[in-house]
Amino acid sequence: MKFSNYFLPTLKEDPSDSDIISHSLSIRAGLIRKVASGIYAFLPLGYKILKKIENIVREEMNNANAIEIFMPVMQPAEIWQESNRWYEYGPEMFKIVDRNERDFCLGPTHEELITTMASADIYSYKDLPVNLYQIQVKFRDEIRPRYGLLRAREFIMKDAYSFGATEEDLDKDYEAMYDAYSKIIERIGLKYKVVEADSGLIGGKFSHEFMILADNGEETIVYCDKCGYAANIDNAKYSLKKSSHGNKNYVNEIKGVEEIYTPNIKTIEDLVNFLHQPSQNIIKTMVVKNPQDKVFAFLLSGDRALNLNKVEKFLGTSLELINEENNRYNLPIGFIGPAGLNKEITVYGDYTIYGKQNLISGANKVDYHYKNINSQRDFQVKDWGNFSYPVVGDLCENCREELNFDKGIEVGHIFKLGTKYSEKLDGKFLDSDGKLKPYIMGCYGIGITRMLAAVIEQSHDEKGIIWPESIAPFLVSLIVTNMSETTLKDSAEDAYELLLKNKIEVLYDDRDISAGIKFKDSDLTGIPIKMIFGKKFLQNETIDIEYRDGAPKIELKFIDLENFIKKIKKSDE
RNA sequence: CGGGGUGUAGCGCAGCUUGGUUUAGCGCACCUGCUUUGGGAGCAGGGGGUCGGAGGUUCAAAUCCUCUCACCCCGACCA
């Protein structure tokens with residue numbers, strides 16, 4: 001491709017509305033342009049990269065025996081009403097009405113539709129298992145779209161749905177997808193981790209998230225180098241170091257309770273400053289209520305945060321934190337404590353305070369706290385558990401190694417759905433025993449447009465994007481430093497023809513502008529190899545080869561060009 | 001939805017507090033010519049704006065007031 005025939009508008013300055021590197025680079029490098037909040041158009045270069053990612057995904061899905069289909073974006077309301085997600089999904093769903101006042105939505109995902117379609121055509125266990133996928137646009141009316149392609153309202157996703165007759169079918173497909181996703185990310189050439197995750201609203205027993213490691217990632221990953229345990233921090237298990245919590249065999253002198261005046265001291269931080277006590281000696285009392293308005297209290301060490309996910313799972317109900325308005329016992333928020341708490345409230349203790357003695361807690365009275373609070377004597381706990389997030393220094397539950405923390409971007413998520421949708425949407429088949437049974441389903445998503453942004457997030461420097469060769473829009477950037485030197489221009493044209501003949505994707509910058517701009521644009525757009533026709537060529541027919549990823553430069557004689565091209569062609573395959 | 005903020009040329013911004021010497025300006029980008037051409041060149045000339053929209057106050061509005069729309073940031077929420 002000649003630059004003069006291409007459409008590649010680059011920007012020198014950062015756009016004002018981007019606050020994350022992948023967003024500003026994808027705009028500056030001429031990949032995308034914003035059309036509306038969270039909605040982007042792809043320019044030629046961005047579209048080319050997108051297609052490369054799609055193709056890698058497509059190949060690996062096909063290798064894993066998944067079969068490509070294409071479902072509509074627009075879906076009738078009925079199927080979503082049947083699964084009840086028309087109501088559960090809430091305002092995040094783009095809903096539209098046609099001229100006959102029939103309700104539709106723009107698909108945020110396709111479980112309902114695929115299940116309905118399957119039920120119409122898959123009747124027999126002999127047709128199972130089958131795994132169908134598509135690469136399709138999805139719509140979610142995000143509360144707040146941000147970070148460019150990382151959280152857009154219209155985005156491209158590869159979504160696969162497996163139908164099996166047995167749990168074993170599901171396990172096999174799940175495993176095949178797990179492997180396929182790993183291969184996809186490895187082929188693209190990214191650092192990643194697979195973590196155990198919460199399956200959330202979509203249902204299912206457990207799930208895995210595929211995380212691209214990046215400093216700006218929205219998710220926190222917790223992992224153990226020794227045994228390989230890795231989880232999203234939202235449901236990460238962990239153990240405490242001996243030294244970080246009390247040892248119940250070690251008997252301190254149990255002191256008498258004292259009430260202390262703590263005017264307007266409502267937060268742990270305030271208490272630490274006011275009493276000059278470490279936060280580990282303070283009981284944080286978090287009070288939650290379920291939809292039936294039943295209230296529970298959770299006690300944790302002052303340096304810990306309550307993990308609502310874990311607590312919801314533990315109690316088996318959705319919960320919300322109480323506040324001044326919605327709290328039926330009129331609890332003085334900021335001064336709540338376990339001692340003297342209303343007896344109707346069930347109290348649970350986090351391991352982070354287990355065995356600690358002479359602690360500080362709220363006195364359930366505005367502007368007062370207690371000193372020397374002790375479990376058993378001053379309060380009773382119904383049960384102990386792990387209700388908090390791990391912090392640096394905590395240990396792996398399996399092998400007691402210290403846990404590591406990293407930031408990541410979720411690009412893939414695989415779920416075992418079981419029969420959740422097949423039961424609701426009447427997706428049934430006749431098994432070999434003559435009985436009608438619901439399909440056992442799995443669903444597997446990978447964000448294509450998000451992947452593009454995640455690659456930039458992980459692979460860039462101050463000059464711009466650094467594309468891995470697997471998805472680079474062009475392999476070679478052919479630069480002529482002075483287009484008015486006919487020798488240079490003619491030789492570069494020859495090189496260009498040679499590259500094309502060898503099926504190398506090359507962007508030939510034939511613009512009559514200063515060399516500096518060509519270098520900057522080439523670096524910004526992240527093309528892996530620069531092939532430079534300049535001064536050195538005029539002196540002794542030498543071409544400079546520079547690598548975007550910082551590999552050592554090469555001075556190449558013009559006569560060796562063809563060999564070099566053969567070499568890079570090979571490494572590209 | 002709550003809190004904060006911004007809309008002025010393709011992009012990035014100044015001007016607004018205190019209305020009129022501003023014919024709306026600057027940098028980048030764009031066009032023409034000449035000189036340049038190994039890391040975002042120089043000189044000269046040029047094009048491009050209903051100052052987000054509607055209404056109002058005023059002799060006079062980018063500037064003040066009201067309404068409205070869009071966008072951004074923080075939070076709750078989420079693949």
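Just so we're on the same page: letters track the sequence lines, and every chain starts at 1.
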Atom pairs under 3.5 Å: protein N/O with N/O of nucleotides 68-70 of chain B:
none

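- Nearer to the 5' terminus of RNA chain B, by closest-nucleotide assignment, is the contact made by A:K553 (compared with the other of A:L308 and A:K553).
- Within 4.0 Å of A:K138, counting heavy atoms only, lies no atom of the nucleic acid at all.
- The gap from the P atom of B:G53 to that of B:A9 amounts to 10 Å, rounded to the nearest Å.
- Looking at A:D509 and A:Y6, their side chains never bring a donor and an acceptor atom within 3.5 Å of each other.
- Checked against side chain to side chain contact (heavy atoms under 4.5 Å, CB included), A:S514 has the following partners two or more places apart in sequence or in another chain: A:I517.
- A gap of 8 Å separates the P atoms of B:C28 and B:G42, to the nearest Å.
- B:C16 sits 9 Å from B:C64 when the P atoms are compared, rounded to a whole Å.
- Across every strand in view, B:G48 sits unpaired, with no contact that passes the Watson-Crick or G-U test at under 3.5 angstrom.
- Heavy atoms of A:I446 sit nowhere under 4.0 angstrom from any nucleic acid atom.
- Side chains of A:Y421 and A:S83: no donor on one and acceptor on the other come within 3.5 Å.
- For B:A24 and B:C34, the C1' atoms lie 32 Å apart once the distance is rounded to whole Å.
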Provide a list of protein-nucleic acid N or O atom pairs under 3.5 angstrom, restricted to nucleotides 10-13 of chain B.
residue	atom	partner	partner atom	Å
B:G12	OP1	A:S16	N	3.1
B:G12	OP1	A:S16	OG	3.1

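- When distances are taken from the side chain of A:K12 to each of B:U37, B:C28, B:A76, the shortest belongs to B:C28.
- Under the stacking criterion of a centre-to-centre distance below 5.5 angstrom and an interplanar angle below 30°, A:F155 sits stacked against the six-membered ring of B:A79.
- By the 4.0 Å N-to-carboxylate-O rule, A:D510 lies too far from A:K489 to be salt-bridged with it.
- Side chain to side chain, A:K158 and A:Y181 meet the donor-acceptor criterion of an N or O pair below 3.5 Å.
- Using a 4.0 Å heavy-atom distance criterion, A:I532 is classed as a base contact.
- With P as the reference atom, B:G15 and B:U36 are 41 Å apart, rounded to whole Å.
- Look at the C1' atom in both B:G2 and B:C65: the space between them is 26 Å, to the nearest Å.
- Taking atom P in both B:A62 and B:C78, one finds a spacing of 47 Å when rounded to whole Å.
- Side-chain atoms of A:S484 come within donor-acceptor range of the base of B:U37, with a qualifying N/O pair under 3.5 Å.
- Here A:H110 pairs with A:Q75, A:Q134, A:K138 under the side chain to side chain donor-acceptor pair (under 3.5 Å) rule; sequence neighbours left out.
- Residue A:R140 places its side chain closer to B:A79 than to any other of B:G38, B:A79, B:A41.
- Of the nucleotides present, none pairs with B:U21 by Watson-Crick or G-U wobble criteria with both distances under 3.5 Å.
- Atom CD of A:E218 and atom P of B:C78 are 13 Å apart (whole Å).
- Across all strands shown, A:R153 has no heavy atoms under 4.0 Å from either base or sugar-phosphate atoms.
- Within the shown strands, B:G53 is the pairing partner of B:C67 under the Watson-Crick or G-U definition, both distances less than 3.5 Å.
- Counting distance only, with no hydrogens placed and no angle test, the side-chain atoms of A:N482 and the base atoms of B:G38 include no donor-acceptor pair under 3.5 Å.
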* Asked: Going through the distances and angles, do A:Y161 and A:D173 end up as a side-chain hydrogen bond (donor to acceptor under 3.5 Å, both in side chains)?
  -> CA-CA 9 Å; A:Y161 306 89; A:D173 272 318; over 6 Å; no
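- A sub-4.0 Å separation between OP1 or OP2 of B:C74 and a side-chain N or O of A:R144 is present.
- One P atom belongs to B:A41, the other to B:G3, and the distance between them is 48 Å to the nearest Å.
- Between A:D141 and A:R153 a salt bridge is recorded (basic side-chain N to carboxylate O distance below 4.0 Å).
- Rounded to an integer number of Å, the gap from CD of A:E462 to P of B:G40 is 15 Å.
- For B:U37, the OP1/OP2 oxygens have no side-chain nitrogen or oxygen of A:S514 closer than 4.0 Å.
- A 3.5 Å limit on both hydrogen-bonding distances identifies B:C74 as the Watson-Crick or G-U partner of B:G2.
- Looking at the side chain of A:E92, the nearest of the listed nucleotides B:G40, B:U37, B:C78 is B:C78.
- When the C1' atom of B:G38 is taken as reference, atom NZ of A:K520 falls 12 Å away, rounded to whole Å.
- Considering only residues two or more places apart in sequence or on other chains, A:E410 meets the side chain to side chain contact (heavy atoms under 4.5 Å, CB included) condition with A:E209, A:M211, A:E219, A:H413, A:R450.
- The side chain of A:T10 has B:G40 as its nearest neighbour among B:A79, B:U37, B:G40.
- Residue A:I448 contributes atom CD1, which lies 18 Å from atom P of B:A79 at whole-angstrom precision.
- If you take CG of A:D234 and P of B:A76, they are 12 Å apart, rounded to a whole angstrom.
- Results of the salt bridge (charged side-chain N to carboxylate O under 4.0 Å, His left out) test with A:D544 over A:K536, A:K530, A:K535, A:K557 single out A:K536 as the only residue that passes.
- For A:R450 and B:C78, the CZ to P distance is 13 Å, given to the nearest whole Å.
- Ionic pairing of A:D461 and A:R548 is present here: one or more N-O contacts between side-chain nitrogen and carboxylate oxygen are shorter than 4.0 angstrom.
- Residue contacts for A:G445: at a heavy-atom cut-off of 4.0 Å it reaches no nucleic acid atom on any strand shown.
- Taking only side-chain atoms of A:I143, from C-beta outward, the nucleotide of B:A76, B:G38, B:A79 with the closest atom is B:A76.
- Distance A:D512 CG to B:C31 P: 12 Å, rounded to the nearest Å.
- Relative orientation of the A:F210 and A:Y192 rings is parallel, given thresholds of 30° and 60° on the angle between their planes.
- Using the Watson-Crick or G-U wobble rule with both distances under 3.5 Å, B:U36 pairs with nothing in any strand shown.
- In this structure, the CZ atom of A:R151 is 9 Å from the C1' atom of B:C77, given to the nearest Å.
- Note on A:K34: a side-chain N or O is less than 4.0 Å away from OP1 or OP2 of B:C72.
- Phosphate proximity of B:G75 to A:R146: present, with a side-chain N or O under 4.0 Å from OP1 or OP2.
- For the side chain to side chain contact (heavy atoms under 4.5 Å, CB included) test, residues two or more places apart in sequence or in another chain that qualify with A:D549 are A:I466, A:Y547, A:A551.
- As the counterpart of B:A9, no nucleotide is assigned, since no Watson-Crick or G-U wobble pattern has both distances under 3.5 Å.
- Annotation: of the two residues near RNA chain B, A:K463 and A:E142, the 5′-most nearest-nucleotide partner is A:K463.
- The structure places OG1 of A:T525 at 6.5 Å from CG of A:D521, a figure rounded to the nearest 0.5 Å.
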